[in-house]
Amino acid sequence: MPMEIYKITSNDIIDYAASELRKYLHMMMPDAGLIEIAYNPDAQEGFRLGLMQDFGLDVSDAEDTEQDDILYIKTDESGGIIAGDNYRSVLLAVYEYLRQNGCRWLMPGKSGEFIPMKNVEPVSYRHKATTRVRGWCNEGSISQQSLIDFVEFTPKVGMNTVMLQWRLPYGFYERHYEHLFNQENRGLDSVSKPQMLQWTKECEEEIQKRGLILHALGHGILTDGIGMDASARWAMDDEDVPEDARQFLALMNGERKLFGRIPTNTNLCMSNVEARRRCTEYVVNYAKTHTNVHFLHVWMADGMNNYCECENCRSRRPSDWYVLWMNEIDEALAKENLDTKIVFIQYVDATFAPLFEKIKHPDRFVTATGYSSRTKAYSLRTNDEPVILPEFSLNNNKMAKDLDEALAQFRDYKRAFDGESFAFEYMFWCDLFLDVAGNYIPYRLAEDLQAYKKDGFQGFIHFICPRHAFPNGHTFYSHARNLFDESTPLEELRKDYFSYAYGDWAEEALSLFDEIGEVFDYLFTAGHKGNEQGSYVNVEQAEQLKKSAELSEKTVALAEKMNKPLPVLQAISRKLLYYYGLYLKDIGESLSVKATGDNEKAKELFETFRLEFGKLEPEIEDYYDHHMVIKSFRTISEDLGFVIQ
């Protein structure tokens, strides 16, 4: 009997959802014949796609049907209802229906999917997503294809939000196309800024096609607002600062100049009315011309302890000037009849709550927290150590050491703003690469979720490198599914992932990764097991890491065992496993020597790894980010700490 797909609602996102359903049904059932798609609000048979409200289904548990995702599926072998409380949720419901019929999307890109060949089975399902905000923000070293693939991947694992950081994300593209940290092995593929801006717009179109929630901007508004170029991300000579703009720069050590030569790390003199007015005008103009952006992020400069020291600015905390500015932006947007949602961030020095100012109209705003200083060794304390708020000291601040202190600051901030909130987190930045086996971070993230939820947070946006699936994408997949439905145990998610990624060799792979996790201890690579603060000297770890050579051989051997014709997902997993075996040996040797205290030898070995493994990068660059690996492990080999580069 021919299958039919009927759209109960006429909408571009429903159109896309219907075409995705047809595509994957054809892949699952190659002999199903023609599957027609038609608009028919009165259809009673076939697959019917539409809003739950169109079917008279209850959505009262959604506080906001545009943001909260509810999925409803009631199907048999030949069709039924696939619905959601908003258009995006219908697409999510299509993917969930297919997932419950055995489809899996484990990594971005076509090679990251597994589609079984089978007849579809009945599904009965209704679920409201555990968290409202389930998203990621561009970071790392980015190719345009990796970004497009990741946008496509996002709803397939139940995520709903994408942030495109910066008006022009020059730095992220530059890292990849100019092959920073690997220029000896690869020619420069420099891409112009106008091309990058066009690519950003292409990404926005892909986001809109799927009905995903788009967040935009962030750092850079201050320098763009006074007529400079925030896309000069890394360095700019101070003499190139326009004289008209210099008067607005933060006064530090008696000078108004760029902070570390980096425009986006440079704050302004926020007590200067004209500086705020120009930046407000910039935000309003952006809101007028970017109506596709759902949440507009208006942040201060990046970096810390870089605020204006003039007499007027000293009279208040940075967060006071920040909140004052937010209220001015709110007033300016209201005059233009713009209902743009603004996200302001509690980050570095601005995590210290305002003393004088409050947000006047909370409905305009959402606050995000960026507790970049918190330890990742644990979520919340399990001892009785009292939580004491860090003391504010202009440009001499020490940030919250753990999530307990950070959340105490968040609660203190509520006297200025007690509205909606979500967390920016950094686990998928350097920490992802330091968790060599991928066995630690999924469990930390699950605990973090519960900690944040207790304080009313509505989810996460993660700073993430799109090419993060080396040797597999289990960490992100596990967390995405946990944010969507926290009821599924993490170990069940892990076994499910490995069963699809490694097929007949899943149990062997699980056991192997457990061994790797014991040898490559994240708490050591993250700097928590040295013989003193900031040290990596640990004789026990040095001996443990000597086992990396043996593990390397076992990993390569397992890859070679996976030698029969395989689905493409398992073939890619096999290839990545093979290269991962080579990776373990070199990384393990460098770390082992570092743990003995022989810093120069460890540095030499790591430099050899950078050059030699860098030669292999083109083979696996869709999944492996050599720039971020080098950036992350250089913090160990050169005792750098986490620095922005």
Side-chain angles (χ1 to χ4, degrees), residues 131 133-137 139 163 165 215 218-219 265 297 299-307 317-319 322-323 343-354 365-382 385-393 397-432 434-435 440-441 443-464 479 483 522 526-528 635 641-644:
T131 55
V133 183
R134 308 181 303 283
W136 55 271
C137 176
E139 252 296 347
M163 179 173 179
Q165 187 181 184
H215 292 232
H219 298 304
N265 287 11
H297 288 239
W299 301 352
M300 304 279 264
D302 205 352
M304 58 181 284
N305 291 322
N306 55 353
Y307 287 81
R317 289 180 174 181
S319 55
Y322 191 18
V323 170
V343 180
F344 69 102
I345 187 169
Q346 297 177 34
Y347 176 60
V348 291
D349 305 66
T351 58
F352 295 87
F365 295 94
V366 174
T367 191
T369 59
Y371 301 131
S372 55
S373 59
R374 60 153 291 204
T375 180
K376 314 300 192 305
Y378 54 88
S379 294
L380 296 178
R381 300 174 192 173
T382 56
E385 180 185 351
V387 178
I388 301 173
L389 284 172
E391 292 186 11
F392 177 79
S393 176
N397 284 312
K398 293 183 179 179
M399 302 305 157
K401 69 181 181 183
D402 58 20
L403 198 52
D404 298 86
E405 289 184 3
L407 291 174
Q409 285 187 306
F410 172 75
R411 295 172 202 128
D412 190 45
Y413 211 109
K414 287 189 175 184
R415 65 174 182 260
F417 178 75
D418 193 17
E420 295 181 39
S421 59
F422 66 87
F424 274 109
E425 264 297 351
Y426 299 80
M427 293 286 195
F428 290 96
W429 193 41
C430 293
D431 292 274
L432 176 71
L434 297 177
D435 184 17
Y440 181 87
I441 288 179
Y443 293 89
R444 175 62 54 246
L445 284 167
E447 290 186 5
D448 280 1
L449 172 60
Q450 298 308 314
Y452 277 112
K453 279 179 62 182
K454 286 179 182 177
D455 269 284
F457 284 76
Q458 295 174 311
F460 292 94
I461 292 179
H462 291 279
F463 293 106
I464 192 166
H479 182 57
L483 288 179
Y522 167 81
H528 299 290
T635 63
F642 287 112
V643 293
I644 297 174

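The basis for the numbers below is simple: all heavy atoms, side chains too, and nothing from hydrogens, waters or symmetry mates.
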From the options E425, Q458, E447, select the one residue that forms a side chain to side chain donor-acceptor pair (under 3.5 Å) with Y452.
E425

With no hydrogens and no angle check, is any side-chain donor or acceptor of D455 less than 3.5 Å from a backbone partner on F457?
no

Does a salt bridge link K376 with D435, judged by any charged N lying under 4.0 Å from a carboxylate O?
no

Pairwise side-chain contact, H528 with Y378, heavy-atom cut-off 4.5 Å (strictly under)
no

If we only count heavy atoms from C-beta on, is the F352 to P318 side-chain gap below 4.5 Å?
no

K453, NZ atom: more than 12 neighbouring heavy atoms under 6.0 Å
yes

When the ring planes of H462 and F460 are compared, do they come out parallel, tilted or perpendicular, using 30° and 60° as the limits?
parallel

Is it true that a side-chain atom of R415 and a backbone atom of P354 form a donor plus acceptor pair closer than 3.5 Å?
yes

Step by step, would you call E405 with R381 a side chain to side chain contact (heavy atoms under 4.5 Å, CB included)?
CA-CA 10 Å; E405 289 184 3; R381 300 174 192 173; 3.4 Å; yes

Quick one: are the ring centres of F424 and H215 less than 6.0 Å apart?
no

Aromatic rings H219 and Y347: how do their planes relate, parallel, tilted or perpendicular, breaks at 30° and 60°?
tilted

Short side-chain to backbone donor-acceptor contact, T351 and Q346, under 3.5 Å
no

Quick check, are the ring centers of F410 and Y371 under 6.0 angstrom apart?
no

Is N306 reaching over with its side chain to a backbone N or O of N265, donor-acceptor style, under 3.5 angstrom?
yes

Quick one: does any side-chain atom of T375 pair with a main-chain N or O of D402 as donor and acceptor, under 3.5 Å?
no

With no hydrogens and no angle check, is any side-chain donor or acceptor of R317 less than 3.5 Å from a backbone partner on D349?
no

Got more than 12 heavy atoms from elsewhere within 6.0 Å of CD, E391?
no

Quick one: does D431's side chain have a donor or acceptor within less than 3.5 Å of a partner on L434's backbone?
no

If you define the side chain from C-beta out and look only at heavy atoms, does anything of L407 sit under 4.5 Å from K454?
no

